[in-house]
Amino acid sequence: MVKVKVEGKELEVEKGTRLGEIFENLGIEKAIGGKAGQRIIDLLTPIEEDMEIVPIFKDDPESLEIMRHTLSHIMAHALKEIYGYDKVHLGIGPTTEEGFYYDVEVEGHTISSEDLPKIEEKMREIIKNNYPLFRKTIEREEAIKLFSQMKEKYKVDIIERIDLEETISLYGQDGFVDLCKGPHVPSTGMVGEFKLTHVAGAYWMGDSSKPMLQRIYGIAFWDKKELEERLRFYEEAKKRDHRRLGKELELFLIEDEIGAGLVIWLPKGAILRRLLEDYWKEEHIKRGYQLVYTPHVGNAKLWQISGHLEYYKPNMFSPMQIEEEEYFVKPMNCPFHVAIYKSKVRIYKELPLKLAELGTVYRYEMSGVLHGLMRVRGFTQDDAHIICMPEQVEEVIEETLAFAINMLKDFGFEDFKVYISTRPADAIGSTEQWELAEGSLKKAVEKLGLSYEIDEGGGAFYGPKIDIKIRDAIGRLWQCSTIQFDFNLPERFNMEYVGPDNRRHRPYMIHRAIFGSIERFIGVLLEHYAGLLPLWLSPVQVKIIPISPEKHGSYAKQIETKLKQEGIRVEIYLRDERLNARIRDAELQKIPYIVVLGDKEVESNSLSVRGKREGNMGSMSVEGFISMLLEKIKNKE
RNA sequence: GCCGGCGUAGCUCAGCGGCAGAGCGAGGCACUCGUAAUGCCUAGGUCGUGGGUUCAAAUCCCACCGCCGGCUCCA
């Protein structure tokens, strides 16, 4: 007998009684599963020991996970029914943040998106039939035999990896059996609303040397409304895709004739980029950084010493031969900044030394990973290297992190995730170095009150780091800011400073970037604002529309001059179109303010202002309009 | 790089063995307009590139380049 406690009630039942039965006895209806501590168990799970269980209902987020998991099984079941039980080989079928997927191999057929409706239909049939699910445990040897017979080679692979102590469970319904830990709903009719969305490739076990399976993705919610909302969100996200906005707003150009992953900044995009750069430079100068410039290529000897040729060569552009010497286009700025540090003897009073550069680097990225501005082959890092003494590390990290967060906030980002990556297995550097560095990272994050995740062992071999990722329009996280220790380069380049004791010491070196890359940051920015940039960053801030270019053109010109004198980026709409068409055009260009000028305005020496965010704002004086704009620009609105 | 899909006018796309198409945009003309599309006319394409099959290829096949969705990798 085991004792089970649920919602304050205690019940003694026979060992091995299923959770569903226990809930039934206690009169708990409509539970989808239960939580025992952190573990989610389903209604089919036998209870083998005393425990306290919190029931999971439909409004608990965990219930979605259970239902989605069953949907992935139903999809596998449908595939088996359609393509044959011995032709479909199943990989893994987990849940995702909004649905589920299953990795499969179908012998003699490639699933394409055209097959999805057919698969969905079969799934709905299975759901309608409301097959009860079964769960049973099985011995390891027996499991291997069973799945070998079923030609489920990937499942056999999984079983062989399962810990010897772990119990192996099977779930299934009707003629379908799957190796699975659960949890599931107890019958196929109990799942929610779903839709299969797309098919993509995925390596078995995420290993590029292993075969590639097809991953079929679906999304699922309890509520049809929620599902539809999600689908609408995807449509909406497509509209704010920075690649599309870049084209529509004439910001940048990426073309195969120029080269994959290489960005051309069009005039309007160049304004945006320049604003970012100017602001970045000002902020760095304020904080004691020294701005430098370094070359785009460097002698192979340099990259030899830095270790890049040893560790980073696959990511570098091929070398070029100049007068019997090899040169490489830089994939990083670090060695040059080190050279600046080493250009003279450094003393402790100079430290921390902060060198910063908007350094354009080129990296070979595999063609399949290129993605608009987010992943390119040539990009400009807002790079800086801080060289300091061990006793300064903590203060430096704290200051740097605060700087990064403040800057991100100035651009309107609040939704980011902070990760600290710690020492990996094959690390260089002493334990003291790692401990000091990791400790300073954690302290800084905590001091700023940021929540963070530890990526245990996720640091580079040369040092731990903090990464800040920003969420994009469709929920993808992009790494932007990074603060990384480097125990490698100071050794390799024999960096030193003269301490108060008049002896030579090895400094700590910290790499850091706030935007990460200007390209990526602008990509994230565009998606974040769906192209409607804050006023201070808008390439065109005001569009003046004279109702009749002939009658009101000269007044428009006067206004333009006044605004320009205040540094406001303004254009006059001269094309001869109907007023509504011109307003529409300016709206589509996402220009923050439209100024309409007609007889009324000329007579009263005023403006009629329409804000992209505010709508029609009515009549305003020129001075009032200007001071409103300047105020907003100053506040980075 | 790998798996799958896709490259047709500046943009979005239709056509899928038999004359190269639409809408938007662009240029011109008329309209002179009060807060999200005025009407008419015109120009614009080596159908990604190269090869093949065929009487005939945008269309079928192969290779390459690029893009898209993912995987792996990463700022």
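Here is the naming used below: chain letters follow the sequence lines, and residue numbers restart at 1 for every chain. All values derive from a computational prediction rather than experimental measurement.
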- prompt: Between A:Phe521 and A:Phe413, what is the ring plane arrangement, given parallel below 30°, perpendicular above 60°, and tilted in between?
  reply: perpendicular
message: Would you call the rings of A:Phe485 and A:Phe487 parallel, tilted or perpendicular, taking 30° and 60° as the class edges?
response: tilted
Euclidean distance for P, B:rA26 against B:rC71 (whole angstrom): 40 Å
Could you go through nucleotides 13-16 of chain B and list every protein N or O atom that sits under 3.5 Å from one of its N or O atoms, giving the distance for each pair?
none

- request: Would you mind pulling out the nucleotide paired to B:rC67, Watson-Crick or G-U wobble, both distances under 3.5 Å?
  value: B:rG5
Tabulate protein N/O versus nucleotide N/O from nucleotides 65-68 of chain B, keeping only pairs under 3.5 Å, one per line.
from, atom 1, to, atom 2, distance (Å)
B:rC68, OP1, A:Arg243, NH1, 2.9

task: Classify the nucleic acid contact of A:Phe521 as base, sugar-phosphate or nothing, counting any heavy atom under 4.0 Å across all strands shown.
output: nothing
- request: Test for a donor-acceptor pair under 3.5 Å between the base of B:rC31 and the side chain of A:Arg578, counting only N and O atoms.
  value: yes
- request: Would you tell me whether A:Glu357 and A:Thr294 have side-chain atoms, one donor and one acceptor, within less than 3.5 Å of each other?
  value: yes
query: Do A:Asp599 side-chain and B:rC33 base share a donor-acceptor contact under 3.5 Å?
result: no
message: Quick check, does A:Phe379 stack with B:rA75? I mean ring centres under 5.5 Å and planes off by under 30°.
response: yes
- prompt: Does A:Arg610 put a side-chain nitrogen or oxygen below 4.0 Å from OP1 or OP2 of B:rA36?
  reply: yes
field: Under 3.5 Å donor-acceptor pair, A:Glu365 side-chain atoms to B:rA75 base atoms
entry: yes
- request: Please confirm whether any donor atom in the side chain of A:Asn580 sits under 3.5 Å from an acceptor in the base of B:rC33, or the reverse.
  value: no
message: Using the C1' atom as the point on both nucleotides, what is the distance between B:rU54 and B:rC68, in whole Å?
response: 32 Å
task: For the residue pair A:Gln484 and A:Tyr462, confirm or rule out a side-chain donor-acceptor distance under 3.5 Å.
output: yes
- request: Evaluate the ring planes of A:Tyr83 and A:His109, with Trp represented by its six-membered ring, and classify them as parallel (under 30°), tilted (30 to 60°) or perpendicular (over 60°).
  value: parallel
- request: Take the protein atom CD1 of A:Ile216 and the nucleotide atom C1' of B:rC71, then report the distance between them rounded to whole Å.
  value: 15 Å
- prompt: Any side-chain donor-acceptor pair under 3.5 Å between A:Thr422 and A:Glu456?
  reply: yes
task: Would you please indicate yes or no on a ring centroid separation below 6.0 angstrom for A:His284 and A:Phe403?
output: yes
field: Polar side chain donor-acceptor pair, A:His242 to A:Glu527, under 3.5 angstrom
entry: yes
- request: Mark yes when over 12 heavy atoms from residues, nucleotides or ligands other than A:Glu414 sit less than 6.0 Å from its CD; otherwise mark no.
  value: yes
task: Scan side-chain atoms only and decide if A:Tyr154 and A:Glu105 contain a donor-acceptor pair under the 3.5 Å cut-off.
output: yes
message: Looking at A:Tyr203 and B:rG1, is any side-chain donor or acceptor paired with a base atom of the opposite kind under 3.5 Å?
response: yes
- request: Starting from C1' on B:rC31, measure out to CZ on A:Arg575 and report it in whole angstrom.
  value: 16 Å
message: Tell me the interatomic distance from A:Ile258, atom CD1, to B:rG48, atom C1', rounded to whole angstroms.
response: 15 Å
task: Please report, rounded to the nearest Å, how far the C1' atom of B:rG34 is from the CG atom of A:Asn616.
output: 9 Å
